[in-house]
Amino acid sequence: MKAGKLGQRSQELLYVSLSKALSSATSSRQLHKVHSLIITSGLDQSVFFSGKLISKYAQFKNPVGSLSVFRRVSPANSVYQWNSIIRALTHNGLFSDALKFYSQMRNLELKQDTYTFPSVINACAGLSDLEMGVLPACGDLVAVEGQIVHGLVEKMGIKKDVIVSNGLLSMYFKFNRLTDCKLIFSEMVVRDTVSWNTVICGYSQSGLFEESIKLFLEMVDNFEPDLLTIGSVLRACGQIGDLELGKYVHDYMIRNGYECDTTASNILINMYAKCGNLLASREVFDRIRFKDLVSWNSLISGYIQNECFEEAMKLLSKMKADLRADSVTYVMLLSMSGQLARIHHGKEVHCDIIKMGFDSSLVVGNALIDMYAKCGKLEDSLKQFENMRDRDIVTWNSIITACVHSEDYNQGFRMTSRMRIEGMMPDLPTMLATLPMCSFLAAKRQGKEIHSCIFKLGIQSDVPVGNALIEMYSKCGSLKHSLLVFEQMKMKDVVTWTALISAYGMYGEGKKALRAFEEMEATGIAPDHIAFVAIIFACSHSGLVDEGQAYFDHMKKKYKIEPRIEHYACVVDLLSRSGLLAEAEEFILSMPLKPDASLWGTLLSGCRASGNVKVAERASQHIIELNSDNTGYYVLVSNVYAALGKWDKVRMIRKSLRNKGLKKDPGCSWMEIRNKVYVFGTGDRFFEQYEEVNRLLEILAGLMAKEGYVADLQFALHDVEEDEKRDLLCGHSERLAIAFGLLNTKPGTPLQVMKNLRVCGDCHTVTKYISKIVQRELLVRDANRFHLFKDGTCSCGDYW
DNA sequence: CTAGGGTTAG
């Protein structure tokens with residue numbers, strides 16, 4: 001009896017001391033020691049110690065240890081043990097394993113409790129992030145598991161448990177199911193700081209900054225925000241540039257003693273920099289007692305974002321005196337080189353990166369691709385891309401963007417197909433990078449594919465995506481689809497409206513563009529300087545001279561937007577296309593900014609329609625004096641002298657182009673027939689069906705002559721005899737394309753032809769005749785607009 | 001005995 005009591009007493013003592021030892025273990029070595037003691041005492045299979053050991057191993061990032069303890073108690077019969085193993089696995093990122101254990105637990109018909117769900121929910125959420133991209137089926141599975149969990153939570157009546165609800169909230173945020181979040185949050189009976197933080201962070205991370213700020217303001221009435229809340233809301237302030245609220249939060253921090261927190265101060269630096277208030281950033285920085293690398297990087301990045309590059313460099317050298325730059329610092333420096341397009345600076349940074357051994361970093365590698373592209377060195381971007389061992393989605397998006405930046409669309413499309421072959425899932429930025437390629441090439445088929453991909457990704461309601469789609473469809477010859485996308489967009493910004501106005505402008509729908517502009521103003525969206533470029537261009541493409549000029553004044557007076565060179569160019573285009581050349585020239589000479597080559601070039605193009613050689617010659621003189629590098633203008637100038645028969649001047653210009661190492665963009669046209677793209681260059685003789693195409697053009701020439709057509713030889717721009725000039729005109733690439741299209745499609749089928757340069761006046765006339773003779777709709781897109789030829793007329797009303 | 005939110009520089 002006595003011995004028994006003593007035994008029980010010592011057993012209790014052992015229990016307590018082992019439990020204490022286990023709790024206070026601070027290293028895995030200590031843990032192993034205590035574990036051995038527990039085993040020798042024969043207590044390792046007890047519910048209490050096994051559960052505690054499982055959790056303890058998880059704490060030291062040793063899920064294998066947790067598992068081996070769990071296996072020794074199998075079949076486990078206590079909820080505590082199951083909870084522990086599920087939590088241990090989730091804690092270590094082994095989400096799918098955690099869910100497998102959860103399924104087993106469900107099969108055992110053990111009663112789950114409020115401790116089970118938070119871990120399970122976390123596992124669901126974690127898996128969605130990591131594996132859904134690669135394994136869509138797995139993602140579905142998790143979605144189902146998430147629903148089961150939610151259902152069980154409701155059935156068990158533990159919906160009111162704050163921790164469980166918070167877990168559900170966080171899971172749905174990770175699935176980006178915002179409506180569910182809203183519902184759960186509104187139904188929560190009890191909310192604590194964590195609940196508020198979950199929704200505020202969640203909205204901020206989903207990019208819904210206004211929503212996040214609104215919730216924060218609601219929260220402060222009842223709860224004390226902590227550092228997490230403050231961090232999230234400051235991020236939101238920075239993103240939308242809400243300086244006022246940012247200052248309010250800063251005051252709150254000062255009042256509540258968060259001011260000396262380094263992390264919080266770093267966020268403040270970032271917020272002020274994003275709001276453009278570098279002085280405030282600097283003040284916060286100077287007050288930080290313990291500046292860490294992030295503090296320095298944040299301030300330097302602030303200076304770079306606000307284009308104060310010299311300040312940034314000064315700070316950098318100061319920083320280097322007591323801290324070593326890390327990969328983030330180098331990424332920022334690369335971004336600076338890119339912004340400045342200074343390849344020498346970029347290469348120096350690249351050398352430093354190699355020296356410091358940061359060249360193996362994925363983020364740095366991606367930044368290098370971007371830097372080289374922005375410096376116009378696509379070759380170096382490609383080299384960097386090929387040299388990279390690991391590539392993530394950003395790598396692919398960067399190289400595609402690089403190709404787009406250098407206008408190498410074929411390379412760009414090659415990259416997108418390589419990306420598909422290598423199994424990389426495209427994302428939203430991929431869509432934003434590829435859509436402009438389709439726009440430029442008028443590749444409608446690829447554009448449509450991307451559109452369906454956008455639906456599959458579920459990002460069709462994203463505003464920039466919608467904007468890019470509007471542009472793509474309008475440039476691919478489908479105004480109808482553009483309008484459809486526009487109508488379906490729930491949220492619209494100034495870019496959306498501008499895309500619509502430009503679309504109308506390209507199709508010569510000036511009146512509709514004007515109406516769209518008014519509608520935009522009526523919905524309370526203020527036009528920016530680009531919207532004005534779009535509307536004035538739309539006017540000039542439709543011959544709405546008075547309206548265009550009115551908008552130019554409207555911009556200055558009502559919106560206080562100072563006209564830039566491109567606005568002046570629009571007005572010059574507007575006047576000269578309508579034959580008001582004297583007014584256009586006068587306008588250039590009276591403008592407050594120094595006219596550059598683009599203005600004279602615009603005037604010169606405008607001269608083509610009316611053939612005013614005097615103005616053309618004066619404009620040419622200005623262009624030559626300005627010594628621009630744009631070949632397009634020199635082609636125009638040389639055309640003027642060719643038309644005047646001043647061949648010595650033509651030769652002089654050609655020679656100076658050669659000396660500068662510049663080459664004229666060759667004119668080319670292309671069209672899509674049955675999913676295949678056919679390209680034609682000016683005067684091409686080596687393509688399929690060359691003979692047939694030529695014969696058809698001859699037949700058409702005969703028929704046109706009967707209708708009264710006479711070739712306008714001022715557009716044949718070579719120093720050759722008259723009849724040879726006629727031949728050269730016939731060789732213009734758009735004619736080859738049209739003839740080829742006529743031969744290879746059924747009668748009556750509308751044709752769509754793209755051209756990289758502007759259509760010449762003679763081709764414009766010829767196309768009108770052809771549309772009448774063959775009774776077909778011919779849609780021609782040139783450098784900046786569409787011409788729909790139908791029964792002898794053109795939609796542009798000859799304002800080409 | 002076990003549970004929930006994670007913020008800053010790119």
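A, B, ... follow the sequence lines: proteins, then strands. Residue 1 opens every chain.
- What separates CG of A:Asn166 from P of B:dA3 is a distance of 15 Å, to the nearest Å.
- Applying the side chain to side chain donor-acceptor pair (under 3.5 Å) test to A:Asn306 and every residue at least two apart in sequence or in another chain returns nothing.
- Judged by distance alone with a 3.5 Å cut-off, no donor-acceptor contact links the side chain of A:Asn366 to the base of B:dG10.
- Which of B:dT7, B:dA3, B:dA9 sits closest to the side chain of A:Pro118 comes down to B:dA3.
- A centroid separation of less than 6.0 Å is found between the aromatic rings of A:Tyr57 and A:His32.
- Note on A:Arg87: a side-chain N or O is less than 4.0 Å away from OP1 or OP2 of B:dA3.
- Under the rule for a salt bridge (charged side-chain N to carboxylate O under 4.0 Å, His left out), the partners of A:Glu259 that lie at least two apart in sequence or sit in another chain are A:Arg287.
- Between A:Phe216 atom CZ and B:dT7 atom P the separation is 17 Å, expressed in whole Å.
- Across the protein-nucleic acid pair, A:Ile230 atom CD1 and B:dT8 atom P stand 14 Å apart, rounded to whole Å.
- Between A:Trp396 and A:Phe385, the ring planes are perpendicular. Angles over 60° get that label, and only those under 30° would be called parallel.
- When rounded to the nearest whole Å, the span between CZ of A:Phe173 and P of B:dG6 equals 10 Å.
- In this structure, A:Tyr102 and A:Phe117 have perpendicular ring planes: the angle between them is above 60°, well past the 30° mark.
- One can place CZ of A:Phe223 at 15 Å from C1' of B:dG4, the figure rounded to the nearest angstrom.
- Heavy atoms of A:Val233 sit nowhere under 4.0 angstrom from any nucleic acid atom.
- Taking atom CG of residue A:Leu268 and atom P of nucleotide B:dA9, one finds them 12 Å apart after rounding to whole Å.
- Between A:Phe216 and A:Trp196, the distance separating the two ring centers is not shorter than 6.0 angstrom.
- Within 4.0 Å (heavy atoms only), A:Asn83 reaches at least one base atom of the nucleic acid.
- In this model, the phosphate group of B:dA9 is approached by a side-chain N or O of A:Asn270 to a distance below 4.0 Å at OP1 or OP2.
- Backbone-only contact: A:Gln205 has heavy atoms under 4.0 Å from sugar-phosphate atoms and none from a base.
- Distance from the side chain of A:Val331 is smallest to B:dG10 among B:dG4, B:dG10, B:dT8.
- The residue A:Asn122 sits close only to the backbone: its heavy atoms come under 4.0 Å of sugar-phosphate atoms, none of a base.
- Rounded to whole Å, the distance from CZ on A:Phe101 to P on B:dT2 is 21 Å.
- If you check the side chains of A:Asn366 and A:Asn397, you find no donor sitting under 3.5 Å from an acceptor.
- Checking B:dA3, B:dT8, B:dG10 against the side-chain heavy atoms of A:Val328 singles out B:dG10 as nearest.
- Listed nucleotides B:dG10, B:dT8, B:dT2 differ in distance to A:Thr263; the shortest reach to its side chain belongs to B:dT8.
- Non-hydrogen atoms lying under 4.0 Å from DNA chain B are contributed by A:Val294, A:Asn297, A:Ser298, A:Ser301, A:Gln305, all within residues 280-309 of chain A.
- Among the heavy atoms of the strands lying under 4.0 Å from A:Thr193 is at least one base atom, whether or not backbone atoms are also near.
- Residue A:Val194 is classed as a base contact, given a heavy-atom separation below 4.0 Å to a base.
- Considering only the side chain of A:Asp326, B:dA9 comes nearest among B:dA9, B:dG10, B:dT2.
- The phosphate of B:dA9 (OP1 or OP2) has a side-chain N or O of A:Lys274 nearer than 4.0 angstrom.
- A:Met253 places its CE atom 11 Å from the C1' atom of B:dT8, with the value rounded to the nearest Å.
- In this structure, A:Asp180 pairs ionically with A:Arg177, as a charged nitrogen and a carboxylate oxygen lie closer than 4.0 Å.
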